[in-house]
Protein chains: 2
Amino acid sequence: MDKEITIYDIAKEVGLSPTTVSRALSNHPRVKENTKEKILTAAKKMGYQSNIFASSLRKKRSKSIGVIIPKLNSPFQSSVMAGMEEIATQAGYNLVISQSTESLEKEITNATTMFNSRVDGLLVSKAGTTDDIEHFSPFFKKHIPVLFFDRVPENNNCTGVVINNTQAIYDATSHLIKEGCKRIVHVLGNLKINVYADRLKGYKYALLDHGIVFEEKNVINSDLGEESGDRIVEQILTLNPKPDGLLVSNDACAASCLMALKRKNIRIPEDIAIVGFNNDLISRMVEPNLSTINYPSYHMGEVAMKNLINHLDDEDHEILQKTNTITLRHELIIRGSSKR
Amino acid sequence: MDKEITIYDIAKEVGLSPTTVSRALSNHPRVKENTKEKILTAAKKMGYQSNIFASSLRKKRSKSIGVIIPKLNSPFQSSVMAGMEEIATQAGYNLVISQSTESLEKEITNATTMFNSRVDGLLVSKAGTTDDIEHFSPFFKKHIPVLFFDRVPENNNCTGVVINNTQAIYDATSHLIKEGCKRIVHVLGNLKINVYADRLKGYKYALLDHGIVFEEKNVINSDLGEESGDRIVEQILTLNPKPDGLLVSNDACAASCLMALKRKNIRIPEDIAIVGFNNDLISRMVEPNLSTINYPSYHMGEVAMKNLINHLDDEDHEILQKTNTITLRHELIIRGSSKR
DNA sequence: CTGAAAGCGCTAACAC
DNA sequence: GTGTTAGCGCTTTCAG
């Protein structure tokens, strides 16, 4: 293993001080163009590689950003990640990623790891199951910005990037009602997660505003997995009278329900109209095509990352202090599964 | 901002030397259990956080692993990532992720960034378009292990984790032939990518072994996007006689073709039998269900990461030196789209 | 089993 | 514009 080249070696080579070399390398304005060039040339020639550890140690910044998400292998979340990566790379930040696999315990471990690796900022989509954000307090104490997206904790003063879930499901529900549905079933996930709690609200409000009585039995809790269609459909069919509308909180599960219903010879949308959520690929591939809510996942990643980086690069670090919630635009996309 | 606690502070507190504190903190065997405990307690009480920059600077290791993939938002690749994350986190390594978005230029930039952030090892799925791996030479020179997965460069002595793409398509082709197909079209991506080149071979071999003449016009190049079905189908239908089998190199695109064919009132599998690739969710959601090759993506992530980490943790760093290729098991899954 | 001392490579005061 | 100096906080010989 050949020895590492340091700024001292370069300094010796060009007959200048290490300081000047350091300054030249980081493009400091008070270095003569001439010498800057000389140094850069020497650096390249000697195969110099800046030592980021030493630099970080001195500057107390890692130029890296941590992300904690529930699951990497989800169309929605991986798309958010892609947006984040784009922006981070562009801005010269490294992305350190870990997943909580929906476990609070793992989320806590991940947070600790991120803290110990001294990320400059943290982006989190909560594992759900609780609003507890105590495990991020080391960040808060050290004023390391933490920004939540999609799944945000309630009742706190962290910044969050979200869509208006209440309004989205309100729109979807209203649409179904307009299409003539009277008995709409809503399938959603863990109500401890803001996303689903908000959607339930939107569902209730829409019913209310259209003079339909809300009934507890029309709300089904599910893991929203791609395999759960049969189970959900079975449960739906015990209802009497049978429902004529179905609102499922993600497209994979909605598609699974759609397939299960078709296997039971129930016609979509005539017998039951369906609306999903996310606008994943799958929504365009099932038959009939699934109506859904377009969730701007990639864009959400971009926006979250942009705001975090702006905050970090801002001299006064006050951008996020002043921002509570950033709400992105969603959109109801009506397709064959609900248009009758 | 309150001052950081260092091992010196702890040393003063417990009346020992920084050296001993350092040793205790890293669980060095030659420290008395008693003092170890005392130090750990003090550390916790004082809110000590190890400074990873200083540690890395000294030890010349970052405890982080870089990953460069073409696209984060792909079902296949995000699943690989999930497997990698699992293992890396478990072993105490951070995952630094960046995407090349299929551009060699970005891949080069990413490689440089990874090199400069001094990852201990690198996992790469090539952007394709070239076998050039010159941009990884800084890693090679410094003996930083680089392990390729899925899309591996040919003709080099790097370790790669792959499936036997040739055999996979051989199996699929043979299956179609057994189902009575005589004119099988193969849709694949950029032939500069090993994955597709290998598959083309498998296709040719299978035809040969079953006495069917290979025809150039039956090979269609595509970006394999989820929107390309119409275009591909149009092209297929210009063939005369019409093909009766279709082999598409990924499920999203296969599904898209399937839909397009159905729109043209072509029956699946009676008129044309279809086999996809990857076993993505979509393959189980279209009708008829798509036959496909199960590609163990999550497992591939695990295996690649495990081997890299074993190598890093191995005293002699020779694990990867001795390994050329790790081939995972694939499996042909036969479903409605090709069973007749 | 513990400690003293040196240094990893860089940057930021502070001089000139 | 450039240089001197002093650490950042940790680990690792080498000594005892």
Side-chain angles (χ1 to χ4, degrees), chain A residues 1-40 42-43 46-64 92 115-118 120 142 144 315, chain B residues 1-40 42-43 46-64 92 115-118 120 142 144 315:
Chain A
M1 194 92 72
D2 17 42
K3 208 180 130 292
E4 294 265 334
I5 308 294
T6 74
I7 52 170
Y8 291 93
D9 301 323
I10 301 180
K12 215 168 288 171
E13 175 81 12
V14 298
L16 286 164
S17 79
T19 310
T20 306
V21 174
S22 170
R23 287 203 264 250
L25 254 22
S26 53
N27 205 22
H28 188 112
R30 276 216 298 269
V31 180
K32 233 197 299 180
E33 269 312 323
N34 197 348
T35 54
K36 205 178 274 184
E37 214 163 295
K38 196 161 55 180
I39 290 170
L40 258 39
M46 302 170 73
Y48 169 75
Q49 181 197 12
S50 151
N51 187 314
I52 205 178
F53 303 146
S55 167
S56 292
L57 177 58
R58 259 323 300 245
K59 297 204 287 196
K60 299 179 186 303
R61 294 195 301 113
S62 62
K63 269 283 181 177
S64 73
F115 185 68
N116 287 337
S117 40
R118 303 200 175 223
D120 292 343
K142 271 186 75 181
I144 299 168
E315 210 42 57
Chain B
M1 195 91 75
D2 15 44
K3 208 180 131 289
E4 293 263 334
I5 308 294
T6 74
I7 53 171
Y8 290 93
D9 301 322
I10 301 179
K12 215 168 288 170
E13 175 79 14
V14 298
L16 285 163
S17 78
T19 311
T20 308
V21 174
S22 170
R23 287 204 263 249
L25 256 21
S26 54
N27 205 22
H28 189 111
R30 274 216 300 270
V31 181
K32 234 197 300 179
E33 269 311 321
N34 198 347
T35 54
K36 205 178 275 185
E37 213 163 298
K38 197 161 52 178
I39 289 170
L40 257 39
M46 302 171 72
Y48 169 75
Q49 181 198 10
S50 150
N51 187 315
I52 205 178
F53 303 145
S55 167
S56 292
L57 177 58
R58 260 321 300 246
K59 297 203 288 197
K60 299 178 186 305
R61 293 195 300 113
S62 62
K63 270 282 179 179
S64 73
F115 185 68
N116 287 336
S117 38
R118 303 199 173 224
D120 292 343
K142 270 187 74 179
I144 298 168
E315 210 42 56

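Reminder, nothing fancy here: chain letters follow the sequence lines and each chain counts from 1. None of these values were measured; they are calculated from a predicted model.
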Please classify the nucleic acid contact of B:S56 as base, sugar-phosphate, or nothing, using heavy-atom distances under 4.0 Å. nothing
d(CD1, B:I5; P, D:dC10) in whole Å: 10 Å
Looking only at heavy atoms, what is the nearest atom pair of A:A11 and A:S17, with distance? CB-C, 3.8 Å
A:T20 vs D:dG3: side-chain N/O to OP1/OP2 distance below 4.0 Å: yes
Does B:T20 reach the side chain of B:H28, with side-chain heavy atoms less than 4.5 Å apart? no
For B:R58 and C:dG7, give me the distance from atom CZ to atom P, rounded to whole Å. 10 Å
Check the phosphate of D:dG9 against B:T6, side-chain N and O only, distance under 4.0 Å to OP1 or OP2. Yes or no? no
For atom CD of B:Q49 and atom C1' of D:dG9, their distance in whole Å: 12 Å
Would you mind telling me which of D:dT2, C:dC10, D:dC10 lies closest to the side-chain atoms of A:T35? D:dT2
D:dC8 P sits how many Å from B:E4 CD, rounded? 12 Å
Look only at the side chain of B:Q49 and the backbone of A:F115, and say whether a donor-acceptor pair between them is shorter than 3.5 Å. yes
Find the distance A:N51:CG to D:dC8:C1' and express it as a whole number of Å. 13 Å
Which nucleotide, C:dC10, C:dC1, D:dC10, lies nearest any side-chain atom of B:R30? C:dC1
From C-beta outward on A:R23, which listed nucleotide comes closest to its side chain: D:dC8, D:dG3, D:dT12? D:dG3
Between A:L25 (CG) and C:dC10 (C1'), how many Å, whole number? 11 Å
Among D:dG9, D:dT11, C:dG9, which nucleotide has an atom closest to any side-chain atom of B:S55? D:dT11
Provide, to the nearest angstrom, the distance between the NZ atom belonging to B:K60 and the P atom belonging to D:dT12. 11 Å
So that I can tick it off, tell me whether A:E13 and A:K38 are bridged by a salt bridge, with the cut-off set at under 4.0 angstrom between side-chain N and carboxylate O. no
No-H, no-angle donor-acceptor pair, B:S22 side chain to D:dT12 base, under 3.5 Å: no
Comparing nearest nucleotides in DNA chain C, the 5'-proximal residue of the pair B:A54, B:L16 is B:L16
Calculate the interatomic distance between A:I52 atom CD1 and C:dT11 atom C1'; express it in whole Å. 14 Å
Check: A:Y8 side chain, C:dC8 base, donor-acceptor under 3.5 Å: no
Given side chains that start at C-beta, do those of A:T6 and A:N51 come closer than 4.5 Å, heavy atoms only? no
